[in-house]
Amino acid sequence: MPVSANGANVTTLDPAVFGKLLDSLQTGTTALTGELKCSVTTWKVRYNTVGGANEATDASAAIMVPSGSDPECSGPRPVLLYAHGTSSERNYDMSTLANTESRLIAAMFAARGYVVVAPNYAGYANSSLAYHPYLDAAQQSNDMIDGLRAARSVFGAIKTADSGKLFLTGYSQGGYVAVATQRAMQGLAGEFKVSAVAGMSGPYALAQFGDEMFNGKPGKGASGFLPALINAGQRANAGVYAASSELYEAPFAAAVDKFASGAITVEDLLNTPGWPDNALFAKDSQPQVDGYGDYFGAGNLFKTSYRNNYLADLKARPCNVTAASPLVCAPGHPLRKLFVKNDLRTFVPSAPLLLCGGHEDRTVAYSNTRAAVDYFRAGSGSALVTEVDVDDTPGSTDPYRSVKTNFAAAKLAVKLNAIKSGDSGDRAVADTYHAGLVPPFCLSAVRGFFNAALAP
């Protein structure tokens, strides 16, 4: 795919041009990515897959191929299967390098010798599916696997070769998808041998995350990602509601019906007049946890009656009672059932697994990482699990000391820049934390983790 650099469209970015492009778009990016050793050529492949109701559909994937004279850039290369984060843009496409995420992945991995395969997912980038099966663990892992199969089928045609080393990673939604894909691939061990996996800031513990939100601690952006998740559940016949008016306040129910039918995109849905940025629940709806007042107010999205029914079921049928068996429960509420169905605390990892995030994350609460680590460490695969909180104060022997130190410096810079402009430093950090601050530092930790797995 052509890339715009220095006013021209080029099909391959050499390290020098790529580095200048990165730093021109965001100063200091190459200081985070490190040396770019390889040229990067990006291709796009289309493939067949299935939707949330097992209906036939199609999707596409980016393939980022390294090349160059450096030994790391040629010959059979390790493959990185990357799962992207949440986007409300139906045209989101990892093959264009037009967005920050695809550029960062190309710089961190393809320019360092990995062949990157990054599926766009069904429902994105000219897919014929009218919706996206958001956080549907079975569908999304199948989608990733189908994308990798398609990419492998064209490696010869695009003159690249697979070394046999396979790595999985992703951020936010993609962190969840990467771990779901690890689980699925363990059932296909004859076809896939996974070298290592890294989930970054993902909602792995969906049953716990959902209960926390309804219990008074909604996530930043929940008024966008919860409707997408619920719609995916409806499409997969979860029966979260019989009529949208059971759950959504007017006038939002009518817009949700259009979204559910595929008549409008999630981007259109979020642009519905009055659609709340934060107010998930009514101002007087209880309980409310201190510090989460922004998520309660006028013009709220969800009906109090629906929330009360959810909370009654939570009280009567709690999940997450023990770290080792968090899903030994039988919720009766349909949304809680959907959360449990797609919770990833159901398997023992057979390949090294890193879970990375930052504990001040208000979008995808760090409790997801903590709960997943506790679950995996309670099982027989405990020795394979590594946790990295980039916002933690490192000890002198911490192998991720430099990542954490650099994160602290970046966080302070965001705060000071905001104060210098007369804004709130704490607000600036909170607003950029999940989507801006954490990703490059978790990616740095992930690359080190994967490189260690490549070492002889």
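Sequential numbering from 1 along the given sequence is applied to the chain's residues.
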Gap between atom CG of L269 and atom OG of S88 - 0.5 Å precision: 10.0 Å
Derivation of the side chain to side chain contact (heavy atoms under 4.5 Å, CB included) call for F347 and F376: CA-CA 8 Å; F347 76 107; F376 290 129; 3.7 Å; yes
Over all atoms of both residues, closest heavy-atom pair of F450 and L168: CZ-O, 3.4 Å
Whether W275 and Y248 hold their rings parallel, tilted or perpendicular, with breakpoints at 30° and 60°: tilted
For D313, all residues meeting salt bridge (charged side-chain N to carboxylate O under 4.0 Å, His left out), sequence neighbours excluded: R317, R336
Flag for N278-D294: side-chain donor and acceptor within less than 3.5 Å: no
Salt bridge (charged side-chain N to carboxylate O under 4.0 Å, His left out) involving K404 - partner list, sequence neighbours excluded: D392, D398
Side-chain donor or acceptor of T29 paired with backbone N/O of D23 under 3.5 Å: no
Verdict with reasoning, E72 to K37, per salt bridge (charged side-chain N to carboxylate O under 4.0 Å, His left out): CA-CA 8 Å; E72 289 189 24; K37 296 184 177 182; 3.0 Å; yes
D391 and Y433: CA distance, side-chain angles, deciding distance, side chain to side chain donor-acceptor pair (under 3.5 Å) verdict: CA-CA 10 Å; D391 208 358; Y433 196 92; 2.7 Å; yes
Non-hydrogen atoms of P66 and A110 that approach each other most closely: CB-O, 3.1 Å
Audit row: R152, D162, salt bridge (charged side-chain N to carboxylate O under 4.0 Å, His left out) steps and yes/no: CA-CA 8 Å; R152 282 176 163 178; D162 182 345; 3.7 Å; yes
Check: Q186 side chain, V348 main-chain N or O, donor-acceptor pair, under 3.5 Å: yes
Distance flag, aromatic centroids of Y134 and Y121, threshold under 6.0 Å: no
R370: partners by salt bridge (charged side-chain N to carboxylate O under 4.0 Å, His left out), with sequence neighbours left out: D374, E387
ring-ring contact (aromatic ring centres under 6.0 Å, His included) partner of F281, the single match among Y295, F214, Y306: F214
Residue pair A238 / P334: nearest heavy atoms and the distance that separates them: O-CB, 4.3 Å
Over 12 foreign heavy atoms within 6.0 Å of CD, Q26: no
N320 side chain to R345 side chain, donor-acceptor N/O pair below 3.5 angstrom: yes
Step-by-step side chain to side chain donor-acceptor pair (under 3.5 Å) determination, Y131 to Q234: CA-CA 11 Å; Y131 69 102; Q234 289 291 94; over 6 Å; no
Nearest non-hydrogen partners of L129 and R90, listed with the distance: O-NH2, 2.6 Å
side-chain hydrogen bond (donor to acceptor under 3.5 Å, both in side chains) pairs, two or more places apart, involving residues 434-456: Y114-N451, S172-H434, D361-H434
Test: K411 and E360 ion pair at under 4.0 Å: yes
Distance, nearest 0.5 Å, that separates CG of L32 from CG of N406: 7.5 Å
Closest approach of A435 to P439 (non-hydrogen atoms, all atoms of both residues): O-CG, 3.5 Å
Exercise: do T181 and S141 side chains pair donor with acceptor under 3.5 Å: no
Test side chain to side chain contact (heavy atoms under 4.5 Å, CB included) applied to L229 and D136, V240, L206, the passing residue: L206
Qualifying residues under ring-ring contact (aromatic ring centres under 6.0 Å, His included), relative to Y92, sequence neighbours excluded: H84
Minimum side-chain heavy-atom gap E35-D70 below 4.5 Å: no
Side chain to side chain contact (heavy atoms under 4.5 Å, CB included) between Q208 and L327, worked out: CA-CA 9 Å; Q208 176 178 297; L327 304 181; over 6 Å; no
Partners passing side-chain contact (heavy atoms from CB on, under 4.5 Å) against A151 (at least two apart in sequence or in another chain): I63, V117, F155
Between S102 and N99, a side-chain donor and acceptor under 3.5 Å: yes
R149/E191 ion pair, N-O < 4.0 Å: yes
Check: S39/D14 side-chain N/O donor and acceptor closer than 3.5 Å: no
Distance-minimising heavy-atom pair for L36 and T33: CD2-OG1, 3.8 Å
Main-chain N/O of S87 paired with Y124 side-chain donor or acceptor, under 3.5 Å: yes
Atom pair CZ/OG1 of F441 and T405 - distance to nearest 0.5 Å: 10.5 Å
Y176 and Y204 aromatic centres sub-6.0 Å: no
Spacing of CG belonging to L335 relative to CG belonging to N309, to within rounding of 0.5 Å: 11.5 Å
Parallel, tilted or perpendicular, as decided by the 30° and 60° cut-offs, for the rings of F339 and Y310: perpendicular
Q139 side chain to H132 side chain, donor-acceptor N/O pair below 3.5 angstrom: no
